[in-house]
2 protein chains.
Amino acid sequence: MSTTDEAFQGHYLTNLSVHTVLFTIIESELVMCARERTEGPFRFHWELPGANPRMQESLEAAAHRSLSEIVHGSSAILQQLKVFGEPDRDPQRRSIAVCYWGAIAPEHLQPQPPVVSAIHALAESERFAFDHRTIAITAIAHLKRALCNSSVVTDFCPTTFSIRELHRVYEVVFGTEIAAGNFQRKVRSSPGFITKTNTPPASEKGRGRPAEIFTNSRRVEVSPPFHFPHDS
Amino acid sequence: MSTTDEAFQGHYLTNLSVHTVLFTIIESELVMCARERTEGPFRFHWELPGANPRMQESLEAAAHRSLSEIVHGSSAILQQLKVFGEPDRDPQRRSIAVCYWGAIAPEHLQPQPPVVSAIHALAESERFAFDHRTIAITAIAHLKRALCNSSVVTDFCPTTFSIRELHRVYEVVFGTEIAAGNFQRKVRSSPGFITKTNTPPASEKGRGRPAEIFTNSRRVEVSPPFHFPHDS
DNA sequence: CCAATAGTGTCTATCAGACATTATGGA
DNA sequence: TCCATAATGTCTGATAGACACTATTGG
């Protein structure tokens, strides 16, 4: 059995990492947390948050740890995205990346979070380290699918929110205008999607009719799902 | 940094494996390929096909290799399911399992394939090795979701098939009767789901009107999806 | 009153579920 | 001819898209 043929558990060249694609919306744009590398290979390229799982640490816990310098207190809800393990994905060694994704309200991030526009990930122009552009694009596709099929949109919002805020998330992510009336009907008629609060209509600045304030309960499936022009 | 705290790339106790949940339908029952362990821990427990990826081998290739003794010639179409990496999933060592799933026509399996009923995986009674019952249950949920949202059902059938055969797959997997007329309408109206062949209506035995014969082209999404009573 | 935003009602086309009807073969 | 299975047609209720309309605030 040659070196290149053997199973590689325990092989010193192998590496197991966890990476996280954390979405939020800043200034009406879908962005994901990422940092520019300052050293080593792929210097000046964008890199997704990552961590190496510890011996007694679950992969999901490692994913949360990869965000420790980015999220502000309350932890994000993460879901497995995919494993990327092509032999050549890391030019230095065989490396397996278990990837997670999630969304979070910008209020829960550190003040000046390092982010990159999702549109840049889709454009060929932006340079990502390793296969992180592929990971990002896969995550965007999962995000769109999840938005259509579940109430994950509430992860983008603070604990209380108006329907309009949910509406804006969909418009930003799908880059399309959505009729507000139909959106209200759909969200309100999906059992468990939102829960009305009796908090007074928010002390926000408002120059129109104040919105009702809701909170998310559990994650629910939307059936039949939302349907938008899908470019992915 | 203690032993239990350190990152574990290269640690000799770690193991990376690939497991595959391959579904098929035998005697009107949903089954998955699995083998009874004959030695070591979990002896006499069911075990999913697995392999250890080699140094230059992609994870998907390893998943296909895990089926080498089961599939008969034409290879199955596999999709990533999930990674299972809880620290305690293998009592002997830290072990990461990258899992795939797929479906195949029974004709493409070896003559007497080792299989276990999917219903047994769902019932608490059946004993699986490691966390393979959890993996199997996750795969069943993914299968149902994929059947609702795509044309993956054709993987259960030979290269040519009738609509009735697709119909039966859904009835077996979801354990429910589906109106044949509506099913025909849905499948025929989903672009790309099936492609008509001009082969004469099959030389099969038949005591009714012979069915038209189709072939699958590419995998397509079904929008809006099928909807069945979902128990998962 | 007007502007602006939130929320509701209405009309229509589409589509799934239920089920009747026709089509096409074998015994 | 009768039977069995495949395929089509019909009716109805539910719902999404388009969009008009009402509600509720601030200036």
Side-chain angles (χ1 to χ4, degrees), chain A residues 28 147-149 151 153 157 160-171 174 176-191 193-215 220-230, chain B residues 28 147-149 151 153 157 160-171 174 176-191 193-215 220-230:
Chain A
S28 296
L147 283 175
C148 287
N149 290 285
S151 61
V153 63
C157 299
T160 60
F161 49 81
S162 66
I163 292 181
R164 177 64 181 154
E165 293 178 70
L166 305 180
H167 185 191
R168 259 186 279 260
V169 173
Y170 282 89
E171 291 195 329
F174 290 96
T176 195
E177 284 206 354
I178 300 166
N182 297 334
F183 185 82
Q184 289 246 358
R185 173 158 39 96
K186 179 77 174 171
V187 169
R188 287 176 185 267
S189 69
S190 293
F193 200 117
I194 53 178
T195 306
K196 193 176 289 191
T197 65
N198 22 10
T199 38
S203 54
E204 299 284 333
K205 86 285 186 184
R207 35 198 169 298
R209 173 176 172 177
E212 298 177 26
I213 300 300
F214 298 85
T215 185
V220 294
E221 300 283 303
V222 176
S223 176
F226 286 95
H227 181 63
F228 304 110
H230 49 292
Chain B
S28 295
L147 283 175
C148 287
N149 289 284
S151 60
V153 63
C157 300
T160 60
F161 50 82
S162 66
I163 292 181
R164 176 65 181 152
E165 292 179 70
L166 305 180
H167 186 190
R168 258 186 280 261
V169 172
Y170 282 88
E171 290 195 328
F174 289 95
T176 195
E177 285 206 352
I178 300 166
N182 298 334
F183 185 84
Q184 289 246 357
R185 173 159 38 98
K186 178 77 174 171
V187 169
R188 287 176 185 267
S189 68
S190 293
F193 199 118
I194 52 178
T195 306
K196 194 175 289 190
T197 64
N198 22 9
T199 38
S203 53
E204 299 285 332
K205 85 285 186 184
R207 33 197 170 304
R209 172 176 171 176
E212 299 178 25
I213 300 301
F214 298 86
T215 185
V220 294
E221 300 284 303
V222 176
S223 176
F226 285 96
H227 181 64
F228 305 111
H230 49 292

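So you know, we letter chains A, B, ... as the sequences are listed, proteins then strands, and number each from 1. What you see below is based on every heavy atom in this structure, not just the backbone, and it leaves out hydrogens, waters and symmetry mates.
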Nucleotide dA4(C), atom C1' - distance to CZ of Arg207(A) in whole Å: 8 Å
Short side-chain N/O contact to dA4(D) OP1/OP2 from Arg209(B), under 4.0 Å: no
Nearest-Å distance for atom pair NE2/C1', residues His167(B) and dT5(D): 13 Å
Separation of dA23(D) P from Gln184(A) CD (nearest whole Å): 16 Å
DNA chain C: 5'-proximal contact among Gly208(A) and Ala180(A) (nearest heavy atom): Gly208(A)
Between dT8(C) (P) and Phe183(A) (CZ): distance, integer Å: 14 Å
Atom pair distance, as rounded to whole Å: CZ in Arg188(B) and C1' in dG9(D): 14 Å
Close aromatic pair by centroid cut-off 6.0 Å: Phe214(A) and Phe193(A): no
Lys/Arg-Asp/Glu bridge criterion (N-O < 4.0 Å) met for Glu212(A), Arg188(A): yes
For atom NZ of Lys186(B) and atom P of dC15(C), their distance in whole Å: 9 Å
Pro224(A), nearest nucleotide to its side chain (from dA6(D), dG7(C), dA16(D)): dA16(D)
Whichever of Asn182(B) and Arg164(B) has its nearest DNA chain D nucleotide further upstream toward 5': Arg164(B)
Sugar-phosphate, base or nothing in reach of Arg185(A), heavy atoms under 4.0 Å: base
Length of the line joining Glu177(B):CD and dG17(C):C1', which is rounded to integer Å: 14 Å
Residue pair Cys157(A) / Leu166(A), side-chain heavy-atom distance below 4.5 Å: yes
Distance in angstrom units between Ile213(B) CD1 and dG25(C) P, rounded: 13 Å
Non-hydrogen side-chain atoms of Leu147(B) and Phe174(B) separated by less than 4.5 Å: yes
